Every structure is written in structure tokens, then in C-alpha cells.
2 protein chains.
Amino acid sequence: MPSAPRARRKEDARARILDEARRIVLEQGFEALTMRRIAEAAGYSAAALYLHFANRDAIARALGEGGMRSLLAALTEAAAVPDPVARLGALALAYVGFARSDPETYRLIFMEQGFAASALGGKDEAGAAAFQLLAGAFQDLHRAGRLKPGQDPAALALTFWILVHGTASLKLTCSAFLSPSEEDLLATALDALLNGVLEPDPTGPNSPGRSIRR
Amino acid sequence: MPSAPRARRKEDARARILDEARRIVLEQGFEALTMRRIAEAAGYSAAALYLHFANRDAIARALGEGGMRSLLAALTEAAAVPDPVARLGALALAYVGFARSDPETYRLIFMEQGFAASALGGKDEAGAAAFQLLAGAFQDLHRAGRLKPGQDPAALALTFWILVHGTASLKLTCSAFLSPSEEDLLATALDALLNGVLEPDPTGPNSPGRSIRR
DNA sequence: GTCTATATTCTGATAGAC
DNA sequence: GTCTATCAGAATATAGAC
């Protein structure tokens, strides 16, 4: 076991490497994240990085995990809103706010292939906790009897995730085609999700779902 | 102007190059698309490709444009359904079906940075036509008086796009975390979008939108 | 039009001196 | 622990012969 000061110094090096890596991804994108660039920014030789991380993938994974913890922190703050409906608005804003403020990290976690499969597919605690915050709002609505009969809170949480991810990711890649702001897009989408867009049909609710599930 | 047979042969070469490029992307992913690999598959030297395409980006752009035309074709078929509500279900299935059957092309068009900005941001006719098919369904609902008062068909079309893209893209990157099938996810989401999930509130509809727009 | 050969530049990763 | 030097290979793109 290394002595306390040595262990601390080693952790410092690790943290410095990750800090610079995060900055490179933020400023130049994920594909600019090379061992040489990280090393130069952190004041090391490229070879020295391999004393602290097994390889480039390990650095990318650490970045993604850190990003997921940031997302969890942002969502946790929003989840403090008591009323579940208002909370969903706050959660949606926090989610797309994270994607907008750190788009390359959002890409890395949710739009790159390989990361979500390995980090989330394993047992990423932060990711599971983040999703639980979304699910909790729908569970609260369910317990309060505010959901229509037959609505499944867990399935609705997935729909909510799809909605905020769709907003965040389309805004990142197709912003030229998506002129409304994230706020306007989310306001329209959440209103539709909660209250519906169709006039009530006296002969029973419309169900494209039936035809989809056939 | 080249003679007819020569022009045809030149177009053949172009088509063969694109065919092989498409196959490589489909089977090995977009990052495996290198000039060397394309050339080998098409039976050319790498240098010969530069007689038919300015550079690698031009090949990628041609692939994306072709993919967008395929998506438009799939959506056009689904758009033949007369009833607008049933049509939305068909369009959603066609959209995610395209993403599932050709995931790497879907990535290239809608999840990679650079393509949508250049191809869609310009004046991609197929892309605009594809979106118009989605918007048309909501316009039909609007004209038939089946939308609630104050609902904007154009904004709802964006919401619909967000939903189907969210479903398609999350399924591509986070399938381990999204156990339900695309069909089940879409059925839940479309039912929510059209009919809402909350019990009607006698004091007026719930509006997280107001708090979002603040 | 197509080839071979090559220039140039980048990448991740390792060996071995200190 | 950190360095220099290097390996082994990949990439795009071009020059010039045929």
C-alpha cells in the first residue's frame, strides 16, 4: 500500500489528466481526444498517461462516468420541486440544459456507440439514479391518482426520457432545422404528453397504439 | 460533353463506388468507411476514387443524401394511410423501422455532427419533403377540427419528430437500458401525445409549459 | 481512367534509460 | 514515475507512369 502522500500525488495526476481531457472534449470535441494532446495539455509525455490509465478507452469511460454524475447532480436539484407536474418541467429543463452546456459530453454518453453499452449496460449507479428521478415524478402522479386509468408510470418515464433526449440530441445535430428554442419545444411537448392534443372522442379515445401493436 | 456510353460508364463507376461504400457502412459502421476499403471493395485503387469524388466527405454526403431519399420513400408509403391518427402510427413505425434496418445510415444523417448541418441546413429536398409528410398529418387533424383549440400543427409535427427520433436514437445507443420494443415505446408515446396521461383537471389543464416559458 | 508509389501526418501503445 | 525514442500501422491525398 502506498504511503498517504504518494497516493495523494498519484490521485492528483489522475485528476489533472482527466481535467485536461474534459477541457479538450469540451473545446474540440470527442474525436480530438488523443493521448498526445491530453499529455501535452497536462504537462506529461504520452507514455506517462499509461501509468494512470490502461488506455484511451479508460480515459473516455472516466469522462463519461463523470459526466453522468454531473447530469445526476443537475437532475437532483430539479427533482426538489414538490409538485410532480412542475417537477417534470424542471427536470426537462435541467436535462436539456446539461446537454446544451456540455454537448460533447452528452454526445459521448448518449450518442456515441460503445459508451452506453459498456458503462450503462453494466451497473452505472449514477445513470440508474438519474432515471429514477424521472420515474419518481410519474410514480408520485400515479400515487396521487392524477394519471388516467391504465397508465403505467414506468412506461411514461421512458416516454419522458425519449422526449427530453430527442429534444437535446436533435438540437445538437439539426439545430438549423429546429428553429424553436429548447424551452419552446419542451413546453409544447410536455403539454401534449400530459394533456393530449386531440379533442376527446365520444366514441372512445383514439388509439394508434392498437394499430402499432396490431 | 462526353459521349453517351462513356458518360454511362462513368456513372456506373460512381454507382459501384457508392454501393460498396453503403455496404461497408452497413456492415462495419461509418468509421470503417475509408478510401482504401472502398477502393478495394469496388475493385479500384484508392487514387481512382478521387476521379469520381472530390474527397471522402463527398462520398459520405452522397451516402447521407441517398439515405434520406430512402427514408422519404419509407415515409411516403406510410403516409398513404387516410386517417390521420392511424397515419401517425404508420409514419412512426416506418421511421423507426428505417433506423433499425439501416442504423449506421441513420447515425450518419441524424446523429453525426457535420452532416445534418451541411446537407439539411442547405436545401435538402428529400429531408424537407419527409418532414412535410409528418406535418401533413397534423394539418389534416387541424383541418378536420380534431385538435384541441390552440394547438399548432407545425409545433406538434416537431414534437412528433422529437418522439420518433428519440425512440430511434436511444434504441441505437442505449438498447440495454430500453428493454421495451420500439413498437411498445411508440404505442405508449403516441397514446400519451394524442390523448394525454393526466386526469382532466376541473380547474383547468395542467401546464408545466407556463413554468418552462416563465 | 486507372495504376503504382509515395508524401505527409496522424494514431495508440511500448521499450528501456534514468 | 517520467522521460525519449520508436514501433507498427492507419489515414487522406497527390505525382507521375501508362
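Proteins come first, then strands; the chains are lettered A, B, ... in the order of their sequence lines, and each starts at number 1. What you see is a predicted model; the values in this text were computed from it and never measured. Heavy atoms only: backbone and side chains are in, while hydrogens, waters and symmetry mates are out.
The side-chain hydrogen bond (donor to acceptor under 3.5 Å, both in side chains) search around B:R22 returns B:D19, not counting sequence neighbours. Not counting sequence neighbours, the partners of A:P103 by the side chain to side chain contact (heavy atoms under 4.5 Å, CB included) test are A:L172. Residues meeting the salt bridge (Lys or Arg N to Asp or Glu O under 4.0 Å) test with A:D83, sequence neighbours left out: A:R146. Not counting sequence neighbours, the partners of B:T159 by the side chain to side chain contact (heavy atoms under 4.5 Å, CB included) test are A:T188, A:A189, B:L193. Taking the side-chain hydrogen bond (donor to acceptor under 3.5 Å, both in side chains) definition, one finds that B:D102 meets it with B:T105, sequence neighbours left out.
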Tabulate below the donor-acceptor pairs under 3.5 Å that side-chain atoms of residues 106-113 of chain B make, not counting sequence neighbours, or state none.
from	atom 1	to	atom 2	distance (Å)
B:Y106	OH	B:Y95	OH	2.7
B:Y106	OH	B:H165	ND1	2.7
B:R107	NH2	A:M111	O	2.5

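When rounded to the nearest whole Å, the span between CD of B:E40 and C1' of D:dA10 equals 14 Å. If you measure from atom OH of B:Y44 to atom C1' of C:dG1, you get 9 Å, rounded to the nearest angstrom.
Note on A:E183 versus A:K171: no salt bridge recorded, every NZ/NE/NH1/NH2 to OD/OE distance being 4.0 Å or above.
Annotation: side-chain hydrogen bond (donor to acceptor under 3.5 Å, both in side chains) contacts involving residues 34-49 of chain A, sequence neighbours excluded, comprise A:R16-A:Y44.
Summary of helix geometry: the two end axes of the helix from C:dG1-D:dC18 to C:dC18-D:dG1, each defined by five base pairs via their C1' atoms, are inclined to each other by 10° (rounded to 10°).
Regarding contacts with the backbone of C:dT2, a side-chain N or O of B:H52 is found under 4.0 angstrom from either OP1 or OP2.
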I need a per-nucleotide contact map over nucleotides 4-16 of chain C, read 5' to 3'. Cutoff is protein heavy atoms under 4.0 Å; write B for the base, S for backbone only, - otherwise. B------BBBBB-
